[in-house]
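Atoms considered below: every heavy atom in the structure, side chains included; atoms not considered: hydrogens, waters and symmetry mates. As the structure is a prediction and not an experimental result, all values here were calculated from the model.
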Amino acid sequence: MKTLKQTKVGSTAKVVKLHGEGAVKRRIMDMGITRGVEVYVRKVAPLGDPIEVTVRGYELSIRKADAEMIEVE
């Protein structure tokens, strides 16, 4: 299982599954990250948190803890 946190900068990954429960999972889905969507990792902050991605044509910053809940391939 590979997560969005483990994805290298400059690569694209496809979301396979969202882990997490309740409000956390709903917040990730509300940001546009759903199963089957392509996510491009633009850059990672110097200390590793947050991660900046492009999803559905817009830029988004995701916390490292949330990125660990997003399984990709």
Side-chain angles (χ1 to χ4, degrees):
M1 181 182 93
K2 182 178 175 187
T3 63
L4 186 60
K5 180 185 166 198
Q6 298 165 331
T7 306
K8 302 287 184 215
V9 174
S11 60
T12 303
K14 184 177 179 183
V15 177
V16 176
K17 186 176 181 181
L18 294 175
H19 299 278
E21 294 294 321
V24 177
K25 186 174 182 179
R26 168 57 48 199
R27 186 168 43 83
I28 292 171
M29 291 175 73
D30 287 344
M31 288 189 277
I33 300 173
T34 55
R35 194 173 72 209
V37 74
E38 296 278 325
V39 179
Y40 173 72
V41 180
R42 296 188 66 211
K43 55 185 161 180
V44 178
L47 297 176
D49 201 15
I51 300 168
E52 189 173 312
V53 299
T54 301
V55 59
R56 298 182 190 264
Y58 64 94
E59 285 82 36
L60 181 66
S61 291
I62 302 175
R63 289 183 287 185
K64 197 166 29 174
D66 292 342
E68 287 179 333
M69 296 181 196
I70 303 168
E71 185 178 333
V72 297
E73 64 178 6

What's the shortest heavy-atom distance between [X] and [Y], and which atoms?
| X | Y | value |
| --- | --- | --- |
| Ile62 | Leu4 | CD1-CD2, 3.9 Å |
| Met69 | Val24 | SD-CG1, 3.5 Å |
| Thr3 | Glu68 | CG2-O, 3.4 Å |
| Val55 | Leu60 | CG1-CD2, 3.8 Å |
| Lys5 | Ile51 | CA-CD1, 4.0 Å |
| Arg27 | Asp66 | NH1-OD2, 3.0 Å |

Please answer: with hydrophobic residues joined when any side-chain heavy atoms are less than 4.5 Å apart, are Val72 and Tyr40 in the same cluster? no

Single-linkage hydrophobic cluster Ile33~Val16, side-chain heavy atoms < 4.5 angstrom: no

Lys2 and Thr7, any side-chain heavy atoms less than 4.5 Å apart: yes

Check whether any side-chain heavy atom of Ile70 sits under 4.5 Å from a side-chain heavy atom of Ile28, and report yes or no. yes

Salt bridge (Lys or Arg N to Asp or Glu O under 4.0 Å) partners for Glu59, two or more places apart: Arg42

Pairwise salt bridge (Lys or Arg N to Asp or Glu O under 4.0 Å) hits with a residue in residues 11-23, at least two apart: none

Please evaluate residues Leu47 and Lys64 with respect to the criterion side-chain contact (heavy atoms from CB on, under 4.5 Å), reporting the C-alpha separation (whole Å), side-chain torsions for both, the decisive distance (0.1 Å), and the verdict. CA-CA 10 Å; Leu47 297 176; Lys64 197 166 29 174; over 6 Å; no

